[in-house]
Each structure stands twice: as C-alpha cells, then as structure tokens.
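Only a predicted model underlies this, so the values are computations on that prediction, with no experimental measurement involved. Throughout, numbering of the chain's residues begins at 1 and tracks the sequence. When reading the values below, keep in mind they use all heavy atoms of this one structure, side chains included, and skip hydrogens, waters and symmetry mates.
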Amino acid sequence: MSLENRDDLVPLRALANPLRIRIVSLLTGASMSATEVADELGIAHASASYHLRQLARAGFLQQTDEQQPDERQTDERPRAGKGRPQLRYRYDPSSGQRLDRSEGRQLLHQAMSTDLARRLAETDRQRTSMDAEVWLARPVWEEIVGLIDQAVALLHDKAGPPHDGVKVSMTALLLELRDER
C-alpha cells in the first residue's frame, strides 16, 4: 500500500480489546444500536456507546440507517422517545482489506487470546480444531490461505442477527514463521 493512502488505513490497535472484538463479531451479522449491543453483551449502555464510536472512528464499523422490523413506521406518527432514531452500526467488511499491520499486532493477538479463552469456556460442541507448525511448498500454503479467506468471507456474508441460528465461533490465524536456522 502506498504512503499516500495511509489515511485510509484502519488502525489494528483499535481492536486490541476483547470487548471490541466481541462487538465487531456481533455486528457482522446485523446492524445494532448501543442499547442492543449493551443488552446482548451484558455491559453498560455508556460502555457500548463509547466502544461503538471508537470502532466507527477507527473504520471497523459504519453507521447505518437500517431499522429492525418492529422499528419501521407503518404510519406517519413520530417515533416515541426524544424524536431521534438510535444510531445503528454494522461491521464494515472492507476494513479487513485496509488494516494497518505496522503496529498493534501483538496487542490484538493478546486480546484475541483473551476472547478465545472466553469462547472456549462457552463451548457447547467443538466441531473441529487444528494446530500445526510445519513446512509447506509456497503454492500449497497460498492455496490454504485462499481457502481460509473464502471460509472467512462466507462466514461474514452469511452471519445473521443474534439468536437467529446457531451461535458459533471461528478463529483463524495463519502465520508465516521466521526460519531460525
């Protein structure tokens, strides 16, 4: 990526918090307001609102005007409350293509490890797991990376709103290691 596009980069370190990882995961399947995020994750509304704003500012989330089916107006009466619809946020899948990997990687991995421990504690059924540190021919490695990229894209594309289907977790971390010989 050229330096003139540096302003378009999404700061990786903005995700370096297990709660923010959960929020981004939650908003992959549906747009949600701070109130809905707070209710779903069992956190304070102020905390949800703060983290949503930070993630949006960093470029991981986009504001959307989508409404839940029960919020859509069927007549011309004004909305209840303060007259303003709640801000809704949704994960921006293009943010993965714009990640600034120059800093924050270690912080993100620590946050992912913390969140993975939470997910493992919530596991009802393990479908598959794999761990390997092996040598592969470059074409084979590139094929594997491509397949995992396809699986991640499919997961994000097909993700639904909370409580709509099976709650699942997928963690993919493909690393090229230094040859310390």
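Residues R119 and I21 meet the side-chain proximity criterion, which asks for heavy atoms closer than 4.5 Å. Proximity of V168 to R127: side-chain heavy atoms (C-beta onward) are nowhere separated by under 4.5 Å. At least one side-chain heavy atom of L27 sits less than 4.5 Å from a side-chain heavy atom of L52. Considering only heavy atoms from C-beta on, P162 comes within 4.5 Å of M32 through its side chain. Contact check for P18 versus R22: no side-chain heavy atoms found under the 4.5 Å cut-off. For the pair N17 and H51, the minimum side-chain heavy-atom distance is below 4.5 Å. Looking at heavy atoms from C-beta onward, F60 lies in side-chain contact with L15 at the 4.5 angstrom threshold.
Residue H45 comes nearest to A34 through the heavy atom pair NE2-CB, 3.6 Å, listed as atom of the first residue, atom of the second, then distance.
In this structure, CZ in R138 is found 14.0 Å from CD in E143, a value given to the nearest 0.5 Å. The distance from atom CG of L87 to atom OG1 of T35, rounded to the nearest 0.5 Å, is 10.5 Å. Here the OH atom belonging to Y89 is positioned 11.5 Å from the OG1 atom belonging to T64, to the nearest 0.5 angstrom. To the nearest 0.5 Å, atom CD of residue Q62 and atom CG of residue D92 are 4.5 Å apart. Interatomic distance, I23 CD1 to L55 CG, rounded to the nearest 0.5 Å: 6.0 Å. Separating the OG atom in S31 from the CD atom in E36 is a distance of 7.5 Å, to the nearest 0.5 Å.
Linking Ile, Leu, Val, Met, Phe, Trp and Tyr residues whenever their side-chain heavy atoms come within less than 4.5 Å leaves L147 and V140 in two separate clusters. Linking ILVMFWY residues whenever their side-chain heavy atoms come closer than 4.5 Å, directly or via other members, places L136 and V145 in the same cluster. Clustering ILVMFWY residues whenever any of their side-chain heavy atoms sit less than 4.5 angstrom apart, transitively, puts L174 in the very cluster that holds V134. Following chains of ILVMFWY side-chain contacts shorter than 4.5 Å, one cannot reach V37 starting from Y50, and the two form parts of different hydrophobic clusters.
The closest donor-acceptor contact from the side chain of E142 to the backbone of P139 lies at 3.5 Å or more, if one exists at all. One N or O on the side chain of R20 and one on the backbone of A14 form a donor-acceptor pair closer than 3.5 Å. Distance alone, capped at 3.5 Å, is enough to place a donor-acceptor pair between the T123 side chain and the L120 backbone.
When only modelled atom types and interatomic distance are considered, R118 and T114 share no side-chain donor-acceptor pair under 3.5 Å.
Within the structure, salt bridge (Lys or Arg N to Asp or Glu O under 4.0 Å) contacts touching residues 147-158 (residues at least two apart or in different chains) do not occur. Within the structure, the ring-ring contact (aromatic ring centres under 6.0 Å, His included) test picks out no pair touching residues 121-151 (sequence neighbours left out).
Taking the side-chain hydrogen bond (donor to acceptor under 3.5 Å, both in side chains) definition, one finds that Q126 meets it with S129, sequence neighbours left out.
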query: For L19 and S47, what are the C-alpha separation, side-chain angles and deciding distance, and is it a side-chain contact (heavy atoms from CB on, under 4.5 Å)?
result: CA-CA 10 Å; L19 182 57; S47 179; 3.9 Å; yes
